[in-house]
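Every number for a ligand or one of its atoms is a count from 1 in the order of the listing.
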Amino acid sequence: MSDHKPAGSATKPAGRPVILSGMRPTGRLHWGNYTGALENWVRLQDEYDCRFMVADWHVLTTALDKAGEIKANSREMFLDWLGAGLDPERSVLFLQSTIKEHAELFLVMSMMISMGRLQRNPTFKEQVRDLNLGGEISFGHLGYPVLQAADILAYRAHAVPVGEDQLPHLELTREMARRFNFLFGDVFPEPEALVTKFARFPGTDGGRMSKSMGNTIEISASPEEIRERIKPAFTDPARLRRSDPGHPEVCGIYTWYQKFLPEALPQVAEECRTAARGCVDCKKQLAEGAIAHFAPLRERRAEFEANPARLDEIIASGCDRARALAQDTMMRVHDAMGIG
Ligand code: TRP
Ligand code: SF4
């Protein structure tokens, strides 16, 4: 408390800026998660000090009945991450529930925000509506953004890569950080959202790829699974016969080409529009492109999967690094508040 630092000194990045992001472990990651987040995270490692968290506590807020699956799903998530190229040397990969400091900071941050503000959170209102929760909303569920704020602030992160759907949570985090800093002095940077821009990635039915829609293809899918999932996938509904000209811009397969076989795009578009190519062959070519795209990820994933002791070690050492960082933040919090 005594050695007061000039305003801002605690919150400006000294070295590389810090990033924190997380995902809830609800099952194997799919192509939509990959293009929408994971692929971007892999790139961010070159420029930022990254902390990536498996948000297992957050699963409890909306799927308490599936608590028994969280542990296995968390392991799957680490495997997907490592396979995709998150680097446990450069980045801190950790499991939220092993860092008890998040729970303490959650408690502190819960004092920095009003009930009304949390109740007005659009994500919360949507979930209450969509999950048919009626009166059965837990205190923890209402506090979802407070726990998320604790996740971010525990590492005094400068930036948080998230999808657009998470922007309300980021705004709430910034408000809590501001409130704390105003009351107790500059401890937390106000984290910026790094919005992952991705055109909505189509699933096998042409709608947005999402686990709840059953239209996903997993990034760990085998070549055989990929071919099988693509075969019946949605194309241009106007192409009833092989001889009907197609409209690649409305076709989900064409969007997948943009991601996995961009070099083939001009030819695909031309041949689709003139009905020179049929959807069956078009899908076959795309399937092989996607298989090749994910082959290195699958191989790397399999290596980690074949060595559970090594995976345990990677997770444990990531958690140890995260804990040390979060403990440092909590010392600053205790110091600033004069309590704890
Ligand atoms: N709420 C995020 C999601 O559903 C997951 C998450 C938990 C998170 N804690 C976080 C994301 C901290 C960014 C930062 O996708
Ligand atoms: Fe889609 Fe290819 Fe069929 Fe055209 S030919 S509608 S791009 S699958």
Side-chain angles (χ1 to χ4, degrees), residues 18-26 29 32-33 36-38 41 50-63 77 94-97 99 102 105-106 121 123-124 126-127 141 143-155 157 159-170 172-174 191-196 202 204 206 210-211 230-258 261 264-287 289:
V18 171
I19 270 187
L20 178 293
S21 198
M23 290 186 195
R24 281 169 301 150
T26 55
L29 296 179
N33 302 131
L38 188 51
W41 289 11
C50 296
R51 294 88 177 80
F52 295 121
M53 178 191 76
V54 174
D56 57 345
W57 272 337
H58 271 112
V59 178
L60 299 176
T61 60
T62 54
M77 180 156 274
F94 70 99
L95 184 63
Q96 182 186 36
S97 64
I99 316 295
H102 290 223
L105 194 52
F106 167 71
N121 164 26
T123 316
F124 177 71
E126 254 168 54
Q127 284 181 342
H141 187 178
Y144 186 111
V146 184
L147 183 56
Q148 183 161 348
D151 298 337
I152 296 165
L153 299 175
Y155 304 90
V160 185
V162 283
E164 219 148 89
D165 62 311
Q166 294 292 312
L167 287 179
H169 290 165
L170 244 289
L172 285 162
T173 301
R174 293 165 61 86
E192 308 268 351
L194 289 183
V195 180
T196 321
T204 53
S210 143
K211 194 165 181 243
I230 290 180
K231 229 179 260 171
F234 171 98
T235 64
D236 174 4
R239 273 199 98 177
L240 297 176
R241 279 175 302 261
R242 167 70 179 77
S243 53
D244 294 333
H247 308 82
E249 59 286 349
V250 303
C251 175
I253 305 291
Y254 188 72
T255 310
W256 290 352
Y257 265 95
Q258 296 177 16
L261 272 181
L265 278 174
Q267 192 189 359
V268 173
E270 162 70 18
E271 292 179 359
C272 173
R273 289 201 179 94
T274 56
R277 109 178 351 231
C279 294
V280 174
D281 290 333
C282 191
K283 286 173 169 176
K284 278 190 185 146
Q285 186 187 351
L286 184 272

Donor-acceptor pair, distance only, cut-off 3.5 Å: does the side chain of [X] make one with the backbone of [Y]?
X	Y	result
E271	A276	no
Y257	C282	yes
H58	Y144	yes
R273	P245	no
W256	K283	no

Which residue owns the protein heavy atom closest to [atom], what's the atom, and how far is it?
atom	result
atom 3 (C) of ligand 1	Q166 NE2, 3.4 Å
atom 4 (O) of ligand 1	R24 NE, 3.0 Å
atom 9 (N) of ligand 1	D151 OD2, 2.8 Å
atom 6 (C) of ligand 1	G22 O, 3.9 Å
atom 8 (C) of ligand 1	Q148 NE2, 3.5 Å
atom 1 (N) of ligand 1	Y144 OH, 2.6 Å

Go through ligand 1 atom by atom and flag the ones less than 4.0 Å from a non-hydrogen atom of [X].
X	result
H58	7 (C), 9 (N)
L20	12 (C), 14 (C)
A55	7 (C)
I152	12 (C), 14 (C)
V160	13 (C), 14 (C)

Next item on the list: Quick one: pull up CD in Q148 and CG in L20 and give me the separation to the nearest 0.5 Å.
Entry: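 If I round to the nearest 0.5 Å, the distance is 9.0 Å.
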Item checked: Atom pair CE/CG of M53 and D151 - distance to nearest 0.5 Å ->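 Going from the CE atom of M53 to the CG atom of D151 covers 3.5 Å.
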Check: Is it the side chain, the backbone, both or neither of L147 that has a heavy atom closer than 4.0 Å to ligand 1?
Finding: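 Neither; no heavy atom under 4.0 Å.
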Test item: [X] and [Y] side chains (from C-beta on) under 4.5 Å apart, heavy atoms:
X	Y	result
L153	T173	yes
P25	V59	yes
L29	M23	yes
H169	V160	no

Notebook entry, point to check: For Q96, is the nearest heavy atom under 4.0 Å from an atom of ligand 1?
Noted result: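 No, that is not the case, since the closest heavy atom of the residue is not under 4.0 Å from the ligand.
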Check: Is the ring centre of F124 less than 6.0 Å from the ring centre of H141?
Finding: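 Here the rings of H141 and F124 have centres that are less than 6.0 Å from each other.
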Item checked: Sub-2.8 Å protein N, O or S atoms surrounding atom 4 (Fe) of ligand 2 ->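 Correct list: C272 SG.
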